[in-house]
**Student:** 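Structure provided below as C-alpha cells; questions to follow.
Sequential numbering from 1 along the given sequence is applied to the chain's residues. The figures here come from the full heavy-atom set of this structure, side chains too, leaving out hydrogens, waters and symmetry mates.
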Amino acid sequence: MTTILLKNAECVVTMDAERREIAGGGVYVDDGRIVAVGPSEELPDDADETLDLAGQVLVPGLINTHHHMFQSLTRVFGAAQDKELFGWLESLFPVWSRLTPEMVGVSTEVAMAELLLSGCTTASDHLYIYPNGCRLDDSIEAAHRVGMRFHASRGSMSMGQSSGGLPPDALVENETLILNDSQRLIETYHDPTPFAMLRITLAPCSPYTVSEDLMRETARLARSTGTRLHTHIAESQIDVDYSLERYNLTPSEYVEKLGWVGHDVWHAHCVHVDSPGIDLFARTGTGVAHCPCSNMRLASGVAPIWKMLQKGVPIGLGVDGSASSDAGNLMNEARQAMLLQRVGGDAGALSARQALEMATLGGARVLGRDDIGALAPGMAADLAAFDLGRIEYAGARHDPVAALVFCGSTPSQHVIVNGRFLIKDGAFTSIDPGVLVERHNALSRDLLFGS
C-alpha cells in the first residue's frame, strides 16, 4: 500500500457536504483512497511520498460526462468548420468511415492526455461508429494504458439514410449484432463495485440514427444488467424538428415514451428541451451532460442550464467531441458554462463555484457515482492541483476558487487518479506525449487524406 501526503495547499476545495474550502490544507491518501482532509498540521506526516502544494489550489478530479474521443483525429476539418449539426455530421461521416482500430486507440490516448491536463480524472466516452474492425475494446485498452477512470459507452447507429436516418447505410450496424456486442462488453468489462476504474454504458446515438426498437431493447438490457443509459437529444432546432416530423413527439416526450428517463439515464446537450421536458427530468432524476463549447461552435444554442439547476435536474459537464468543440479542456467548459448562462442578462445566473460543482459533484451524480467528485475520507483519491503562481491568475489570488473558473484555463500541475500520479510537476507519467502526438498526427493525415 502506498501513502501520499499533499500539504500546504493555498486552498483545498473539498466539495464535501459542507463545501469546505481549507486554506493551508491538505489530503492524506492510503492505497488509492482518501483517509484524511484538513489543515496540514492536523494530517499524518508518515507518508511514503510527501508533496508540498504551497501556492497551489487542490480540487477533486474533474468529471467529463460526454466525449467522442475518436474525433480528435478530425479537429477543424475544413468542410465542417462552418456548419450546423446535421451538415457537420454529413461532412464528417465519409471521413470517419476510414477509422481503424489503431486510430481509435491512439485518439483515445490523446483525448485522455488532454483531459488530464485540465484536471479531469474520470471520463465518459461515446463511441458510436465501428468501421473496419473497430471495437469499443480499442478505447478500453487505451484507457488502461493511460490510467484514467473510464466510463466506456457502447454507442451505435442502426438507421441509415434508406430508413430515414442521417448516416450513410454503410456506417450502420445490425441491431442484433449491437445488442449481442453490448452484452459481451458488459460481461467482459463492466465493474459495478465502488471505486471501479471501468464501467460500461449503453448508448444508442440519437433519435435520427437508431430505431425505437433498439432504444427499447437497449433499455431492457441495461436495466437487466445494472448498467446506465446515454444518448443525444434536443441538441439543435433541426434535431427537434426531426423528432416532431418523424415521431410527432418532442425529444423529451420521445425518450419518456421509450422508457429513457430515470436515475440511470443521462442525455447529452438538451439545448432545446422545453419546460415540460425539464420538469420531467427533474421529477425522474434524469441527468444532462452540458457541452457549452460544442453548442456554441455548431450554433446549436444556449441550453437552459440555470433553469434546470433550479428545478433540481442532475447536470454534469462534457467537452464533447474534438471535431465540434476542438478542445478537451473541462475547466474551460466550466468557465464557458458560467459565462453562457449570463449572456441573457442575469449576472448571477451561475456562479464560479456552481460551475465547478457541476464539473465535480454534478458529473459524479450524472454517472451514478458516490465515490468520486469530492475530497473527503472514504472517497477515491482522484485529485488535481493548479499552480496559482502562473500569470493567468495574477491579481486573483484573493479568491483562488473563483480564479480557476473566471481566469484563463491553465494546465494542471499534478493529477492523481486512484492514488497514482498521472501528471506530476506538470509532466505525464504514463505516456510519452511527443511520441503519442507524432503518431496521432500521422494517423490523422491518413484519415483525412488517405494513406
Side-chain angles (χ1 to χ4, degrees), residues 2-13 24-29 32 34 40 47-64 69 72 106 108-123 142-143 145-149 319 322 327-335 356 359-360 375 380-397 400-441:
T2 301
T3 55
I4 302 171
L5 172 62
L6 307 172
K7 66 178 184 178
N8 299 328
E10 187 151 329
C11 181
V12 176
V13 184
V27 174
Y28 192 85
V29 173
I34 296 172
S40 295
D48 297 319
E49 184 168 9
T50 298
L51 204 61
D52 194 307
L53 299 184
Q56 299 178 44
V57 59
L58 185 65
V59 302
L62 308 187
I63 299 167
N64 177 28
M69 294 183 178
S72 64
V106 171
T108 299
E109 290 188 60
V110 164
M112 288 187 165
E114 189 175 10
L115 287 169
L116 288 168
L117 284 172
S118 72
C120 180
T121 56
T122 298
R145 291 193 294 270
V146 175
M148 198 171 199
R149 202 177 298 275
V319 301
S322 290
N329 189 312
L330 198 62
M331 190 65 78
N332 189 55
E333 295 292 340
R335 181 176 190 265
L356 188 59
T360 52
L375 304 182
D382 292 4
L383 315 93
F386 294 86
D387 181 5
L388 295 170
R390 295 179 60 98
I391 196 168
E392 292 89 344
Y393 302 121
R397 294 283 285 270
V401 183
L404 284 181
V405 181
F406 271 104
C407 300
S409 302
T410 65
S412 53
Q413 187 69 9
H414 309 287
V415 175
I416 295 174
V417 179
N418 205 41
R420 175 190 175 196
F421 280 96
L422 296 188
I423 293 180
K424 191 172 185 181
D425 296 319
F428 291 104
T429 65
S430 63
I431 61 171
D432 182 333
V435 171
L436 179 60
V437 169
E438 182 178 5
R439 184 57 184 157
H440 184 273
N441 283 334

**Student:** Quick one: pull up CG in L330 and SG in C120 and give me the separation to the nearest 0.5 Å.
**Tutor:** 5.0 Å

**Student:** Do you know the tightest heavy-atom contact between A113 and I431?
**Tutor:** CB-CD1, 3.5 Å

**Student:** When rounded to the nearest 0.5 angstrom, what distance separates OG1 in T2 from CZ in R420?
**Tutor:** 11.5 Å

**Student:** Any idea which heavy atoms bring G328 and S118 closest together, and the distance?
**Tutor:** O-OG, 4.0 Å

**Student:** Between M331 and S409, what is the shortest heavy-atom contact and its length?
**Tutor:** C-OG, 3.8 Å

**Student:** If we ignore hydrogens and angles and just use 3.5 Å, is the side chain of D382 paired with the main-chain N or O of N418 as donor and acceptor?
**Tutor:** yes

**Student:** Is it true that a side-chain atom of T360 and a backbone atom of P60 form a donor plus acceptor pair closer than 3.5 Å?
**Tutor:**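 Absent.
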
**Student:** So Y28 and L6, side chain to side chain contact (heavy atoms under 4.5 Å, CB included) or not? Walk me through it.
**Tutor:** CA-CA 6 Å; Y28 192 85; L6 307 172; over 6 Å; no

**Student:** If I take atom CG from residue L116 and atom CD1 from residue I416, how far apart are they, to the nearest 0.5 angstrom?
**Tutor:** 12.0 Å

**Student:** Which heavy atom of N332 sits nearest a heavy atom of N329, and at what distance?
**Tutor:** N-OD1, 2.9 Å

**Student:** Could you walk me through whether L375 and V13 pass the side chain to side chain contact (heavy atoms under 4.5 Å, CB included) check?
**Tutor:** CA-CA 8 Å; L375 304 182; V13 184; over 6 Å; no

**Student:** Say whether, by atom type as modelled, one donor and one acceptor occur between the side chain of N64 and the main chain of V319 under 3.5 angstrom.
**Tutor:** yes

**Student:** Where is the tightest heavy-atom contact between H440 and S72, given as atom of each residue plus distance?
**Tutor:**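 Scanning both residues completely, I find the closest heavy atoms to be NE2-OG, 3.0 Å.
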
**Student:** For D48, run the side-chain contact (heavy atoms from CB on, under 4.5 Å) check against I4, V29, T3 and tell me which one passes.
**Tutor:**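 Of all the options given, the one that passes is T3.
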
**Student:** What's the spacing between L422 CG and M112 CE if we round to 0.5 Å?
**Tutor:**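 Between atom CG of L422 and atom CE of M112 there are 10.5 Å.
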
**Student:** With a 3.5 Å distance limit and no angle check, can you tell me whether E109 reaches the backbone of A142 through a side-chain donor-acceptor pair?
**Tutor:** no

**Student:** Run the side chain to side chain contact (heavy atoms under 4.5 Å, CB included) check on F386 and L404 step by step: do they pass?
**Tutor:** CA-CA 8 Å; F386 294 86; L404 284 181; 3.8 Å; yes

**Student:** I want to check something: taking the side chain as every heavy atom from C-beta on, are D387 and Y393 in contact at a cut-off of under 4.5 Å?
**Tutor:**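 No, every pair of side-chain atoms sits at 4.5 Å or beyond.
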
**Student:** Flag the pair D52 and K7 as a salt bridge only when some basic side-chain nitrogen lies within less than 4.0 angstrom of an acidic carboxylate oxygen.
**Tutor:**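 Salt bridge absent between D52 and K7.
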
**Student:** Has the side chain of S430 got a donor or acceptor atom that lies under 3.5 Å from a matching backbone atom of G147?
**Tutor:** no

**Student:** Return the CG to OG1 distance between L62 and T121, rounded to the nearest 0.5 Å.
**Tutor:**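 L62 CG to T121 OG1: 7.0 Å, rounded to 0.5 Å.
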
**Student:** Sub-3.5 Å donor-acceptor pair from the side chain of H414 to the main-chain atoms of A385, do we have one?
**Tutor:**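 Answer holds: no.
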
**Student:** Please check if the side chain of S40 supplies one atom and the backbone of N8 the other of a donor-acceptor pair under 3.5 Å.
**Tutor:**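 Yes, S40 side chain to N8 backbone: donor-acceptor pair under 3.5 Å.
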
**Student:** Provide the closest heavy-atom pair for G55 versus E10 in the form atom of the first, atom of the second, distance.
**Tutor:** CA-OE1, 3.5 Å

**Student:** Would you confirm whether S412, through its side chain, and L117, through its main-chain N or O, come within 3.5 Å as a donor-acceptor pair?
**Tutor:**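 Side chain of S412 to backbone of L117: a pair is present.
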
**Student:** Taking it one step at a time, do L115 and M69 satisfy side chain to side chain contact (heavy atoms under 4.5 Å, CB included)?
**Tutor:** CA-CA 10 Å; L115 287 169; M69 294 183 178; 3.9 Å; yes

**Student:** Can you tell me if T122 uses its side chain to pair, donor with acceptor, with the backbone of I63 under 3.5 Å?
**Tutor:**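 No; judged by distance alone, with no hydrogens or angles, the pair does not exist.
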
**Student:** Can you tell me how far apart CD1 (I423) and CZ (F428) are? Round to the nearest 0.5 Å.
**Tutor:**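 Separation between the atoms: 4.5 Å.
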
